[in-house]
Amino acid sequence: MIIAAVSRKQQILESISQFLSEFDRSDQFSQDSNQEQPYTLISINGGMQQAVAVAEQEHPDLLLLESSEDETNDLQILGNVTARFPSLGVIMLCPNPSPERLLEVMRVGVREALPTPPTRDSLLSAINRFQQRIKQASMPVRSGKVLAFIPCKGGSGATFLATNLAYTLAAQNNQRVALIDFNLQLGDASLFLSDSKSPASIADVARQIHRLDGAFLASSMIQITPNLGILAAPDEPEKATEIKPEHVNPILQVAIKNYDFVILDIGRRMDSVSVQALDKADMIFPVMQQTLPFIRDAKRLIDVFRSLGYHKDKLRLVVNRYDKKSQITLDDIQNTLKCEVFKSIPNNFSVVDESVNHGVPVHKLAPRSPIAKAVEDIGNELSQSTEQQQRWFRKLFS
């Protein structure tokens with residue numbers, strides 16, 4: 001990154017140079033260990049005319065510019081520069097900037113205004129924020145797949161499968177994954193993977209839906225791994241009423257632009273919020289077991305999905321705790337429900353029990369266990385399908 005500092009005061013230029021030269025590589029400003037130097041500094045003793053010249057000749061990424069006495073004329077010139085070089089970031093150094101002054105400089109494209117002389121922490125924090133904006137702007141826009149897990153009956157294991165698939169996709173398949181707990185009344189998805197306290201819940205996000213973006217969503221999550229976060233359900237059931245159907249779409253729109261997979265843990269209760277989430281899902285995974293009560297409730301649930309107009313290809317029926325010796329076979333289930341079984345998950349109670357009690361995913365606890373292998377197979381199939389689709393789109397538009 002090229003930084004140009006322009007000031008009529010040599011002391012300010014020397015301070016900026018000293019702050020950057022003393023900056024330790026382990027700090028947040030430079031995260032790339034392979035980079036010899038995180039910046040190139042150009043120091044110029046002068047005013048707005050010199051700033052214009054350096055912008056045209058050196059094409060810096062960031063301009064540190066001291067405010068002058070001729071503010072009105074300089075702001076007009078600066079506005080022309082930022083219009084000509086829209087990617088140029090500008091940090092203005094102003095003595096005691098007032099709210100009115102801040103508004104004026106923002107209108108001509110200034111990113112931030114700092115008091116002069118700047119302190120080390122304020123300057124480096126501002127530069128770091130600009131660097132993060134550059135990094136985010138260079139990241140490809142994602143279009144993540146939304147996978148919704150819903151139990152056909154209580155105790156089906158839908159939350160266990162949703163959380164463990166999320167972990168497997170992140171850890172084994174190197175995908176960016178967001179898990180959102182839409183079991184608003186009694187959601188406990190985070191406990192299946194962590195004992196950490198959630199920084200915020202989906203109710204907190206809904207209350208501030210007007211400021212929701214990728215960074216805000218990520219900061220509201222429990223970070224399980226660098227590429228897996230969980231947006232928890234409210235701790236208090238009464239807060240579930242704060243989440244309205246109109247909140248669902250903005251949350252999912254932001255999530256799919258920042259993650260490869262967005263996994264929804266939908267509770268047993270079907271309401272307008274659940275239906276909004278299911279409408280947005282690319283795939284719905286009803287989870288059941290091999291008993292008559294499960295088959296009865298699965299039939300009711302699938303009938304609801306059909307009445308909502310969901311195509312059969314959207315449904316991925318999962319039979320959990322599958323037992324080959326059961327009197328009820330997979331063919332019996334498929335014939336009764338008129339729905340193909342997508343996957344069967346073997347009955348591996350001891351491993352699942354230990355995983356749930358300790359809040360450790362099976363992929364980490366017992367990677368060679370039958371249930372870990374079954375979840376891994378689903379993750380591999382979903383990841384390969386997504387990669388093939390991405391290759392097809394790249395080929396189509398190349």
Side-chain angles (χ1 to χ4, degrees), residues 1-139 215:
M1 182 169 71
I2 300 175
I3 302 174
V6 180
S7 172
R8 288 189 171 89
K9 298 175 183 176
Q10 188 63 30
Q11 185 178 357
I12 289 179
L13 296 175
E14 291 174 356
S15 296
I16 292 172
S17 178
Q18 181 181 354
F19 293 155
L20 293 179
S21 65
E22 291 178 353
F23 195 81
D24 190 90
R25 284 179 52 80
S26 64
D27 212 323
Q28 60 182 349
F29 180 53
S30 175
Q31 300 292 336
D32 188 353
S33 59
N34 295 321
Q35 195 170 344
E36 291 295 331
Q37 189 178 22
Y39 63 88
T40 297
L41 177 62
I42 302 171
S43 295
I44 298 176
N45 194 316
M48 181 57 67
Q49 294 301 327
Q50 286 70 33
V52 174
V54 76
E56 294 185 354
Q57 295 173 23
E58 303 294 341
H59 299 288
D61 301 293
L62 180 61
L63 175 64
L64 306 177
L65 179 63
E66 183 194 7
S67 176
S68 70
E69 296 179 359
D70 188 9
E71 294 180 352
T72 302
N73 186 52
D74 277 4
L75 288 183
Q76 291 176 351
I77 297 173
L78 183 59
N80 294 333
V81 173
T82 55
R84 186 176 177 186
F85 303 100
S87 62
L88 173 65
V90 182
I91 296 177
M92 184 77 81
L93 306 178
C94 310
N96 302 318
S98 64
E100 294 78 13
R101 176 62 173 165
L102 290 175
L103 186 59
E104 289 177 358
V105 298
M106 295 296 178
R107 282 173 176 165
V108 297
V110 174
R111 295 282 188 181
E112 295 193 44
L114 301 178
T116 184
T119 64
R120 176 187 183 276
D121 290 343
S122 65
L123 179 65
L124 297 181
S125 295
I127 293 174
N128 180 65
R129 286 191 290 272
F130 174 73
Q131 192 178 40
Q132 293 303 316
R133 282 194 290 268
I134 293 177
K135 187 181 296 183
Q136 290 179 357
S138 64
M139 292 175 63

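With a 6.0 Å radius and a threshold of 12 heavy atoms from other residues, nucleotides or ligands, Q10 has its CD atom above the threshold.
Residues Q50 and N45 are not in side-chain contact: their nearest non-hydrogen atoms beyond the backbone lie 4.5 Å or more apart. Counting heavy atoms from C-beta on, the side chains of I3 and I16 never come closer than 4.5 Å. At least one side-chain heavy atom of L65 sits less than 4.5 Å from a side-chain heavy atom of M48.
Of all heavy-atom pairs spanning I2 and H59, the tightest one is CD1-O, 4.4 Å. Between V110 and V90, the shortest heavy-atom contact is CG1-O, 3.4 Å. Taking each heavy atom of I127 and I91 in turn, the nearest pair found is N-CD1, 4.3 Å. Closest non-hydrogen pair, P60 versus A55, comes out as CD-CA, 3.8 Å. Of all heavy-atom pairs spanning L123 and F19, the tightest one is CD2-CD1, 3.9 Å. Taking both residues in full, the closest heavy atoms of D61 and M1 are given as OD2-CA, 3.3 Å, listed atom of the first, atom of the second, then distance.
In this structure, the side chain of E66 engages the main chain of R8 through a donor-acceptor pair within 3.5 Å. Of the possible polar contacts, one joining the S15 side chain to the Q11 backbone as a donor-acceptor pair under 3.5 Å is found. At distances below 3.5 Å, not a single donor-acceptor pair connects side-chain atoms of S122 with backbone N or O atoms of P118. In this structure, T82 contributes its side chain and V108 its backbone to a donor-acceptor pair below 3.5 Å. Q57 places no side-chain N or O within donor-acceptor distance of the main-chain N or O of V54, the cut-off being under 3.5 Å.
Put simply, CG on L75 and OG on S67 are 7.0 Å apart, with the number rounded to the nearest 0.5 Å. Taking CD1 of I42 as the start and CG of L13 as the end, the distance is 12.5 Å to the nearest 0.5 Å. For the atom pair CE of M92 and CG of D74, the computed distance is 7.5 Å after rounding to the nearest 0.5 Å.
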